Amino acid sequence: MRLSKFFLPILKEAPREAEIVSHRLMLRAGMIRQQSAGIYSWLPLGHRVLRKIEQIVREEQDRAGAVEILMPTIQSADLWRESGRYDAYGAEMLRIQDRHEREMLYGPTNEEMVTDIFRAYVRSYKDLPLNLYHMQWKFRDERRPRFGVMRGREFLMKDAYSFDTDKEAARHAYNRMFVAYLRTYARMGLKAIPMRADTGPIGGDMSHEFIILASTGESQVFCHKDVLDLEVPGEDTDFSQDLTPIVDTWTRAYAATDEMHDEAAFAEIPEDKQVTARGIEVGHIFYFGTKYSEPMGAKVVLADGNEIPVHMGSYGIGVSRLAGGIIEACHDDAGIIWPDAVAPFQVGLINLKSGDAVTDAACADIYEKLTRAVVEVLYDDMDGRAGAKFATMDLIGLPWQFVVGPRGLASGEVELKRRATGERESLTIEAALNRLAA
RNA sequence: CGGGGUAUGGCGCAGUCUGGUAGCGCACCUGCUUUGGGAGCAGGGGGUCGCAGGUUCGAAUCCUGCUGCCCCGACCA
């Protein structure tokens with residue numbers, strides 16, 4: 001992409017209302033525009049990041065055996081009356097009426113709807129296990145939206161729903177999502193720690209929040225230092241096998257959020273292994289049994305002919321929140337530092353002297369070669385000064401800067417800068433291309 | 001929802017107390033000079049001051065009401 005053809009509205013100064021670093025940087029880098037309290041447009045740069053995050057989530061959901069669908073944002077109130085949540089949900093639910101004065105709502109979540117789909121088609125235990133997921137915009141009318149996309153009213157969430165014949169089978173479904181989540185966050189360059197979460201009236205041990213550590217996080221978290229160094233399950237993980245050993249490894253050591261914190265248990269950890277930090281919740285998984293299947297009549301027939309309500313779990317990832325969360329975890333004074341996997345472009349090609357025939361030709365050639373090698377390049381072909389170009393590239397945080405100017409070209413060299421470390425290296429065009437296209 | 005704050009070109013701000021018809025920096029446009037870490041000079045365009053009433057010869061400025069947005073607390077992907 002040539003910058004001259006892109007839409008990248010950079011701001012030198014962040015709007016006053018933005019307080020936390022990810023919100024400021026997203027506004028300054030032209031990723032989002034606020035339209036109302038807690039409601040944002042995603043501009044090209046932000047949109048590309050959102051798509052990258054989505055794609056990683058999708059690949060890992062698919063790998064774990066979940067099946068993608070897409071449910072609507074608008075739901076009927078009747079469905080929610082069946083589960084009893086229409087009255088229970090309160091002011092956070094945005095309620096609307098259509099032209100026939102039918103009561104509708106903008107979905108804050110989709111348990112009822114997915115249960116409706118399930119009960120319409122699935123009759124037999126032979127169709128289980130089943131896990132359906134989608135990535136769709138949700139709306140929760142928060143009393144106080146804040147922190148940009150980290151706590152918006154409208155947000156993009158991946159929500160998966162598992163269906164099984166009994167609790168033990170549901171545990172396997174739960175474990176598959178648990179492991180999928182570990183992989184998902186790791187691929188985004190994040191260290192997400194599963195922490196015991198409140199299961200409410202359901203009880204048991206099947207609820208975890210996934211927390212990334214960041215100084216600006218909303219919640220206080222506590223964990224054993226060893227959890228930070230655990231190895232994330234690899235690409236070759238067999239999701240058809242029992243994943244309990246992996247889950248056990250990750251849940252053995254202490255890790256809890258403020259609400260679940262056990263001061264006594266934490267004190268037993270050797271002092272040099274105690275970690276107290278701030279965290280951002282980027283995922284939440286839990287088992288809720290027959291809470292919805294029972295009242296909504298989602299049943300399957302077992303091998304013995306008995307009909308039972310299906311056991312369910314739900315598994316959420318805050319996709320749009322992650323865009324902000326990643327920035328909270330990855331930035332410096334100059335701007336964003338994208339992990340490679342979610343970067344809107346891999347390379348920022350900087351033409352230090354637009355209009356100079358030699359430099360223009362060299363850049364055009366490099367741009368074409370990288371593009372042909374399927375490297376995503378944002379080529380700054382604009383008529384600007386070097387300093388401004390460097391500052392912009394640092395701000396938008398692409399992993400690599402490919403710097404081309406007449407001075408270097410005279411001796412056959414260009415410069416590669418790694419945004420994360422600030423390391424620069426002078427090398428030939430050939431060598432630089434090989435480095436990036438590898 | 002309780003408490004506090006704020007609203008003036010795209011962004012950041014001054015002007016409001018002491019009414020006289022809007023200004024600065026950045027950004028934008030034109031020209032010249034510059035050109036390897038947010039250039040300089042000159043010229044130029046863009047707002048009628050959140051909205052609605054009121055007071056006054058005259059309101060960004062005073063009064064009344066409303067709305068948006070932000071921050072601090074109780075809830076959540």
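Letters go in sequence order (proteins before strands), and every chain restarts at 1. Being a predicted model, the structure only gives us computed values, none of them experimental.
- Scanning residues 388-403 of chain A for heavy-atom distances under 4.0 Å to RNA chain B yields A388(A), F390(A), A391(A), T392(A), D394(A), V403(A).
- As judged by a 4.0 angstrom heavy-atom cut-off over every strand, G316(A) is placed among residues making no nucleic acid contact.
- H208(A) and Y315(A) form no side-chain donor-acceptor contact under 3.5 Å, judged by distance and modelled atom types alone.
- Between Y181(A) and Y185(A), the two ring planes are perpendicular [angle over 60°; tilted spans 30° to 60°].
- Among residues two or more places apart in sequence or in another chain, the ring pair (Phe, Tyr, Trp, His ring centres under 6.0 Å) test is passed with W80(A) by Y89(A).
- When the nucleotides rC76(B), rU34(B), rG73(B) are ranked by their closest atom to the side chain of R146(A), rG73(B) comes out on top.
- Legend: salt bridge (Lys or Arg N to Asp or Glu O under 4.0 Å) pairs involving residues 189-210 of chain A, not counting sequence neighbours, sorted by first then second residue: R171(A)-D205(A).
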Starting at the 5' end of nucleotides 4-11 of chain B, put B wherever the base has a protein heavy atom under 4.0 Å, S where only the sugar-phosphate does, and a dash everywhere else.
--S----B
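- Not a single donor-acceptor contact under 3.5 angstrom links the side-chain atoms of R144(A) to the base of rC76(B).
- At rG68(B), none of the side-chain N or O atoms of Q34(A) fall inside 4.0 Å of OP1 or OP2 (strictly under the cut-off).
- Among pairs with a residue in residues 429-438 of chain A, those fulfilling side-chain hydrogen bond (donor to acceptor under 3.5 Å, both in side chains) read E425(A)-R435(A), at least two apart in sequence or across chains.
- With sequence neighbours excluded, the residues that form a ring pair (Phe, Tyr, Trp, His ring centres under 6.0 Å) with H284(A) are F286(A).
- For R143(A), counting side-chain heavy atoms from C-beta on, the closest listed nucleotide (rG36(B), rC1(B), rA77(B)) is rC1(B).
- At whole-Å resolution of the value, CG in D356(A) and C1' in rU34(B) are 15 Å apart.
- For a distance-only test at 3.5 Å, the side chain of R424(A) qualifies as a donor-acceptor partner of the base of rG37(B).
- Residue-level contact check: G152(A) touches the bases, meaning some heavy atom is under 4.0 Å from a base atom.
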